[in-house]
Amino acid sequence: MKKYQEFKQVDYPGIGESVLSYWQENKIFEKSVENREGAETFTFFEGPPSANGTPGIHHVMARTLKDIFCRYKTLKGFQVKRKGGWDTHGLPVELQVEKELGITKEDIGKKITVEEYNKKCRETVMRFKNEWDDLTEKIGYWVDLDDPYITFDPKYIESLWSLLKRLFEKDLLYKGYTIQPFSPAAGTGLSSHELNQPGCYRDVKDTSITAQFKVKGRENEYIIAWTTTPWTLPSNSALAIGEKLDYVKVKTFNPYTYQEQTVILAKARMGALFNKKAEGLKIEDYKPGDKLIPFEIVEEFKGKDMLGMEYEPLFPIEGIALPSPAFTVISADYVTTEDGTGIVHLAKAFGADDFRALVQAGVPGVFVKDEQGNEIPVVDKRGRFLPVIGEYLQAKMKEHEITAHKEYGVDDFYVKNYLKEDENAADYKNTDVIISIILKNENKAFKVEKYEHSYPHCWRTDMPVLYYPLESWFIKTTACKDRLVELNKTINWKPEATGTGRFGNWLENLVDWNLSRSRFWGTPLPVWRNEDATETKCIGSIAELNEEIGKSIEKGFMTESPFKGEEVDLHRPYVDDVILVDSKGQKMFREPDLIDVWFDSGAMPYAQWHYPFENEEIFKANYPADYIAEGVDQTRGWFFTLHAIAVMLFDSVAFKNVIANGLVLDKNGNKMSKRLGNAVDPFKTLKEYGPDALRWYMLSNANPWDNLKFNLEGVAEVQRRFFGTLQNTYNFFALYANLDHFTYDASKMVSVSERPELDRWIISKLQSLIGEVENSMDSYDATRATRAIMNFTVDQLSNWYVRLARKRFWRGDMNEDKQAAYETLYECLTTICQLMSSFAPFYADWMYKNLTDGAKEAGQEIAESVHLTDWNAADETLINKDLETSMQLAQDISSLVHSLRKKDKLKVRQPLQKILIPILSEKTREQIQHVEELIKSEVNIKGVEYIDDASGILVKSAKPNFPLLGKRFGPKMKLVAAAINQWGQEEIANIERNGSVEIDLDGEKAALSLEEVLITSQDIPGWSVASDNGITVALDVTLTNELKQEGIARDLVNRIQNLRKDMGLEVQDKITIKVAKLNEQVDQALVNFSEYIQSETQALSLSVNGDVAEGTVLDMDDFELKVKVEKV
RNA sequence: GGGCCUGUAGCUCAGGUGGUUAGAGCGCUACACUGAUAAUGUAGAGGUCCGUGGUUCGAGUCCACGCAGGCCCA
């Protein structure tokens, strides 16, 4: 029986399948974890995917990336537990359910109960779990699928509640408001998802105003600011400028009142706000009513000079007067000079940017107090001004004698046309128009015009959306900002820029985490409040909830707890039915919000173990994570929520190393989408190429954090080039190892120091490779690791070692040299198996088994799988850099000789006398001499001659060593370079002899040392040379008769080998050769090299004057030869 | 609109701290090898380093402003 299986063709997908079932049958994954019991842990956190859609090719990328470091660390001796997980809550699930049921959110509670709805969500969310599990297994992602954490699990939710309670107790959970899209017509907030529906943004024509804000304490001086929502002007409480922008003060006239005035605006906006034709007109010449209004810059300054400037409100309304620092100029980074005036009007209640800028500047917004004393905006939820504004507008209409299509009452000032009035009606005037007229009359408007812009609309009502303050529960992340930033700096981000840039900037500009979601399927906020909101309870466990319910039952608010027994469901609607009791015996109701699903996943380090209720030991041993990986789109998602919860509650990072991987695009760089049909089906790809080439391609083609342009041809190339070459190398080994009955036995091997140079070289390279893979993987750089393995396998092992060592495998019987060759190749192959096992787990294990089965049968102890082995660290003592350099020289020199041969059309089969190599140092000579034999046989030459100074024919040239000299001479570098370039042989000899030389730089003397110039050999007079990498080679192309004859002999051998092959002879079959006489040179060649020809072709005899009737005519390029070959 | 990433040969990608002939693989062309053979090797052609300015003796590399593509957030 053969010890090493030989393969004609390799079925890569088949390897994937058979190895997978081997792993399953023998529980290899489980063993790889159990084996390391008691060892140091390496902790990995799984970012939970959602199983409500089928997995795509990008999931192969993400999951491979997660897998490889866990496998690597396992080999290195760590115990790596990997708990799988599922993300189950959230809007996409709800939308899918609604789509399938043909309902909308409004139907929930009407056509369908919340109970039924959530039941449907629960069913839907795990719909594709089987596909996911299938893919996970097929790509070899080792993760515990049998006991995953699931975010809808009551235990999971209970952990979340306990975390929320801890936040609450630290006073980090509060109710506030945030500016969100809101549809007054539908009476509901809109998610960004809803706002991104096609058709939501529509071009509409609105009245826009450039308003004039009078500068306090100055006569006729105004700051002007533009808005497309005039109805927000009564809520103005500050103006924003860009600190670095240029502003001007311009003397001009108001176009509506003709008053002389100065206005302040960004210099860059002058062209848009003043008529060019008025340029040069004199202020004095202006007469009221003139179409062209003169203007004149009277002052220029930077935005930051305006900071703190105060102005008078446009709408001096009692009851909304504000304390300072309202009505001042502040700065905001988003101010530009692309439109408007370069000065932005801010209304805290109606713009998210406005809100943020004002909060940062500590400026209050315009609000009024309701009956409870709460601050409310001046526009109500139906989209109309409160009476306090209505009265003012009504009075102003009377004052300015403004008529409209109807009589306006104090409650009639809707900010948009929510009453669906006919806008074409006679004298139709909406609130914006009325405001414009008032401002025009009061010298508060610089420009009023219709402006067409894109504005969001509610997808249900088709009416315009308002940005409006809505109540929400927040986590006060801003309170911990400094610590969040500080601890982030300890995290190793791949790529670094995502940590410092994208994530770091995000932390720097942190706002409080809005936790609320007004939805149905998700983790309920465990907060109960009494009706006047004077008492708040945050529940931290089921037990606590039951205890509180007990009090409620006592009080008679409830009859029994819905959370008894085994089957507990903490979702809506059950929690909504819970009424608790406050300290005064009043009812408390749950705040109806659900929490952000990102809190679900960010809490997984704790909730996956049901901490703090269970598993404290496991939790502590596995926290924080050593490594996590997800897409870069998770930066503000999972990466943030993990970090935030960890820092705020545990004063720790949640993860130490993180890879944020990029997107998988199609081969043209477009986003993949099922709709466009350019999405790649992972299952189909696996079936065609198998998992290993797919994984390898994804890792080696580009850094994972760059986007990957996924191209199946690339997978095929990896398969052909890397796996194919490796497989060929294995096949070569197996073929001869079987013939020679070779079995690797560590106890009986030839020690490395006894092995030939070539073996010691590849072993040195192998050790270097191990070190490189180790370094790369320790710094989470898989691309570098895979490329290093590929380079070694293809370029070093296959294309150099095997090619040069080939003869050792087929010559003669087993001897020490042969054994060394087998052992060396075997060691290389098994080591590659281990090195590649993290990336190509199936193939590596398959080949490992093919290689080791023989030894196992022979009774040696061999691991069941390469994944259960211990890492073979690099043996530094086997690394011989000198030897590696020597071999590099051999490769370079051979390449140069090939190049020369080609130039002179001399095929390699034609032996040549010698090459000449100029030698600049003894060291180089020694290094080349080491590999001289190898070069000679590789390029078929008889000898190598070295030319040194003594030869007298070596021509050298000198070049400046720029990095060294540049630092020293700087601007004079050009002179120095010119001086050195002029040097002849004498100067070079001079500096070589003395170690330094003095040069003249425009009269200044300067001494150059030897290492500051680079000396190379230029050429050899009269010879055809080639050079590269500082090595020059000359080839002696003289063909002596002797060489010609040998060439003929070699040609004949070649032709006879072909004949043998055509005749179907086996390697060991013997033949006789008869050749017809041709001419003296050829005949002589055959006679002289008869022995050589016979031994090469396994011929028992060679007669030059034989009977060649029925012989074959051989084409010998330059002549023809008739021969007859017969099997003995 | 803001933050971040990417842009180098037909394609996919390398090119520490700036240093003078910008590299590799694939593809292409030619040749060689024929005892790894449905393999393999060698050589050759192929470049506006996205653009424009700047810093510097010297820029693919540093700076500024753009352009194109992408991600996230508004």
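Every chain is numbered from 1 and lettered A, B, ... according to where its sequence line falls, protein lines coming before strand lines. Everything numeric here is computed off the predicted structure, so don't read it as measured data.
- Judged purely by distance below 3.5 Å, without hydrogens or angles, the side chains of A:Trp800 and A:Asp795 never pair a donor atom with an acceptor atom.
- In the set B:rG19, B:rU34, B:rG58, the nucleotide with an atom closest to the side chain of A:Pro963 is B:rG19.
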- prompt: Along nucleotides 39-46 of chain B, 5' to 3', which nucleotides get a B, which get an S, and which get a -, given that the test is a protein heavy-atom distance under 4.0 Å?
  reply: SSSSS---
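- In this structure, B:rG47 forms no base pair with any nucleotide, since neither Watson-Crick nor G-U wobble geometry is met with both distances under 3.5 Å.
- Residue-level contact check: A:Asn791 touches neither bases nor backbone, having no heavy atom under 4.0 Å from any strand.
- With sequence neighbours left out, the side-chain hydrogen bond (donor to acceptor under 3.5 Å, both in side chains) criterion links A:Gln910 to no other residue.
- For the C1' atoms, the distance from B:rC67 to B:rC31 is 45 Å, rounded to whole Å.
- If you find the closest nucleotide of RNA chain B to A:Ala977 and to A:Met973, the one lying nearer the 5' end belongs to A:Ala977.
- The side-chain hydrogen bond (donor to acceptor under 3.5 Å, both in side chains) test with A:Trp493 singles out one residue from A:Thr500, A:Asn488, A:Thr635, and that residue is A:Asn488.
- In this structure a side-chain-to-backbone donor-acceptor pair under 3.5 Å is missing from A:Asn703 to A:Trp705.
- A salt bridge does not link A:Arg1050 with A:Glu1096: every distance from a Lys NZ or Arg NE/NH1/NH2 to an Asp or Glu carboxylate oxygen is 4.0 Å or more.
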Protein-nucleic acid N or O pairs under 3.5 Å, nucleotides 62-70 of chain B:
from	atom 1	to	atom 2	distance (Å)
B:rG70	O2'	A:Asn707	ND2	3.1

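- For the P atoms, the distance linking B:rC26 with B:rA43 amounts to 12 Å, nearest Å.
- Using a 4.0 Å heavy-atom cutoff across all strands shown, A:Asp353 reaches sugar-phosphate atoms only and no base atom.
- Of all nucleotides listed (B:rG19, B:rA14, B:rA38), B:rA38 comes nearest to the side chain of A:Gln9.
- Distances shown here put a side-chain N or O of A:Asn701 below 4.0 Å from the OP1 or OP2 atom of B:rC13.
- With both pairing distances under 3.5 Å, B:rG58 is matched to nothing as a Watson-Crick or G-U wobble pair.
- The phosphate of B:rU34 (OP1 or OP2) has a side-chain N or O of A:Arg909 nearer than 4.0 angstrom.
- The separation of B:rA74 from B:rG60, taken at their P atoms, amounts to 40 Å, rounded to a whole angstrom.
- The P atoms of B:rG19 and B:rC63 are separated by 15 Å, rounded to the nearest whole Å.
- Between the C1' atom of B:rC13 and the CE atom of A:Met790 lies a distance of 10 Å, rounded to the nearest Å.
- With both ends at atom P, the span from B:rG1 to B:rC57 equals 39 Å, rounded to whole Å.
- A:Trp598 has its CH2 atom 11 Å from the P atom of B:rC72, to the nearest Å.
- Closest to the side chain of A:Lys974, from the set B:rA32, B:rG58, B:rC5, is B:rG58.
- Between A:Phe503 and A:His643, the gap from one ring centroid to the other is short of 6.0 Å.
- Between B:rA36, B:rA14, B:rU34, one nucleotide has an atom nearer to the side chain of A:Trp810 than all others, and that is B:rA36.
- B:rA30 and B:rU61: their C1' atoms are spaced 36 Å apart (whole Å).
- In this structure, CE of A:Met698 is placed 13 Å from P of B:rC13, rounded to the nearest angstrom.
- As rounded to whole Å, 12 Å separates atom P of B:rA24 from atom CG of A:Asp892.
- Between A:Arg901 atom CZ and B:rC33 atom P the separation is 10 Å, expressed in whole Å.
- Although no hydrogens or angles enter the test, the distance criterion places no donor-acceptor pair under 3.5 Å between the side chain of A:Thr498 and the main chain of A:Lys494.
- For the pair A:Arg1055 CZ and B:rG35 P, the interatomic distance rounds to 13 Å; values are reported in whole Å.
- Nucleic acid contact class of A:Lys807 (heavy atoms, under 4.0 Å, all strands): none.
- A salt bridge does not link A:Asp666 to A:Lys709: none of the charged nitrogens lies less than 4.0 Å from a carboxylate oxygen.
- With both pairing distances under 3.5 Å, B:rU52 is matched to B:rA64 as a Watson-Crick or G-U wobble pair.
- When each of A:Pro971 and A:Lys667 is assigned the nucleotide of RNA chain B bearing its nearest heavy atom, the one mapping closer to the 5' terminus is A:Lys667.
- Rounded to the nearest Å, the gap between the C1' atom of B:rU42 and that of B:rC33 is 10 Å.
- Using a 4.5 Å heavy-atom threshold, the side chains of A:Phe732 and A:Val802 count as touching.
- Pairing for B:rG41 is with B:rC31, a Watson-Crick or G-U wobble pair whose two hydrogen-bonding atom distances lie under 3.5 Å.
- Atom CG in A:Asn940 sits about 12 Å away from atom C1' in B:rA32, given to the nearest Å.
- No donor-acceptor pair under 3.5 Å is formed between the side chain of A:Trp638 and the backbone N or O of A:Gly47.
- Residue contacts shown for A:Gly966 include a base, since a base heavy atom lies under 4.0 Å away.
- By the neighbour-count criterion of 12 heavy atoms within 6.0 Å, atom NZ of A:Lys907 is densely surrounded, having more than that number from other residues, nucleotides or ligands.
- Distance, A:Asn703 CG to B:rU8 P: 15 Å, rounded to whole Å.
- You'll find the ring centres of A:Tyr822 and A:Phe742 inside the 6.0 Å limit.
- When both pairing distances are held under 3.5 Å, B:rA24 makes a Watson-Crick or G-U pair with B:rU12.
- When the shell of 6.0 Å around NZ of A:Lys936 is examined, it contains more than 12 heavy atoms from other residues, nucleotides or ligands.
- Applying the Watson-Crick and G-U wobble criteria (two distances, each under 3.5 Å), B:rG1 pairs with B:rC73.
- Only the C1' atoms considered, B:rU21 is 32 Å distant from B:rC5, to the nearest whole Å.
- Side-chain proximity of A:Lys709 to B:rU34, B:rU12, B:rC4: nearest is B:rU12.
- Using a 4.0 Å heavy-atom distance criterion, A:Val802 is classed as a base contact.
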